[in-house]
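One structure is given below, encoded as structure tokens.
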Amino acid sequence: MGLFLMSRSLPFKWIGVIVLVVLASTGGGVLWAKHSLNSSEKEFHLVARQFAYDPPIIRVSKGDQVTIKAESKDVLHGLYLDGYDIDRVLRPGEPVQFTFIANKEGKFGFRCSTTCGVLHPFMIGKLIVEPNYLFPGSVGLALGLAVGTVIYVAKKREGESPAS
């Protein structure tokens, strides 16, 4: 039988407690997620050489502040990041640094935007922006607490003896 089909109803004070638990848990989760999104900083050192980037894959979470320090080890290269419209020139011996917010989920290619040799078209990499699960997790926690509270209160009420 479902929880809400029980013959006894919950007093208003318990309903208030359940609502308060859900609101407090969700509010705490939202604040936690928001704080985590603002404070998450990722930094990567990207090396360009004929005809590859090292590392070839950069993995971050949505909302991260990403700083890339890029440099060329051999010839003039470019770095264009699809989806974010970032284009930088990488000269040998001159490191370039740029920062952006990874605000789009998905897989984004980055590639050399300056012809650097015969295999130039194959000089590619990938930025993977994964979803941030903190907020959905906190909402799930709030719902779990609410269900747990309802079960606890319902079981406690079943165990009480009738008032004489």
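All residue numbers in this chain count up from 1 along the given sequence.
Phe44 and Leu79 fall within a single hydrophobic cluster, where Ile, Leu, Val, Met, Phe, Trp and Tyr side chains are chained together by heavy-atom contacts under 4.5 Å. One hydrophobic cluster, built from ILVMFWY side chains closer than 4.5 Å, holds both Val66 and Ile86.
With sequence neighbours excluded, no residue satisfies salt bridge (charged side-chain N to carboxylate O under 4.0 Å, His left out) with Lys126. Under the side-chain hydrogen bond (donor to acceptor under 3.5 Å, both in side chains) criterion, Thr114 pairs with no residue at all, not counting sequence neighbours. Partners of Asp54 by side-chain hydrogen bond (donor to acceptor under 3.5 Å, both in side chains), not counting sequence neighbours: none found. With sequence neighbours left out, Arg91 forms a salt bridge (charged side-chain N to carboxylate O under 4.0 Å, His left out) with no residue at all.
Asp64 places no side-chain N or O within 3.5 Å of a backbone atom of Lys42 that could act as its donor or acceptor partner.
Pairs engaging residues 98-109 under the side chain to side chain donor-acceptor pair (under 3.5 Å) rule: Thr67-Thr99 [sequence neighbours left out]. Applying the ring-ring contact (aromatic ring centres under 6.0 Å, His included) test to residues at least two apart or on different chains, the pairs with a partner in residues 87-130 are Tyr53-Phe110, Tyr84-Phe100, Tyr84-Phe108.
Scanning all heavy atoms of the two residues, the minimum distance from Asp74 to Pro92 falls at O-CG, 3.3 Å. Counting all heavy atoms, side chain and backbone alike, Ser113 lies closest to Gly78 at OG-CA, 3.4 Å. Taking both residues in full, the closest heavy atoms of Leu90 and Ala70 are given as CD2-CB, 3.7 Å, listed atom of the first, atom of the second, then distance.
The shortest distance between side-chain heavy atoms of Pro55 and Leu46 falls below 4.5 Å. Within the 4.5 Å cutoff, the side chain of Val47 has heavy atoms near those of the Arg49 side chain. Within the 4.5 Å cutoff, no side-chain heavy atoms of Glu94 are placed close to those of Val96.
One finds no salt bridge joining Lys69 and Glu71 here, because no Lys/Arg side-chain nitrogen approaches an Asp/Glu carboxylate oxygen to under 4.0 Å.
Here the CZ atom belonging to Arg59 is positioned 10.0 Å from the CG atom belonging to Leu127, to the nearest 0.5 angstrom. Atoms CD and CD1, on Glu41 and Ile101 in that order, are 8.5 Å from each other to the nearest 0.5 Å. One distance of note links CG of Asp82 with CZ of Arg111; it measures 4.5 Å at 0.5 Å rounding. Between the CD atom of Gln50 and the OG atom of Ser72 there is a distance of 8.0 Å, given to the nearest 0.5 Å.
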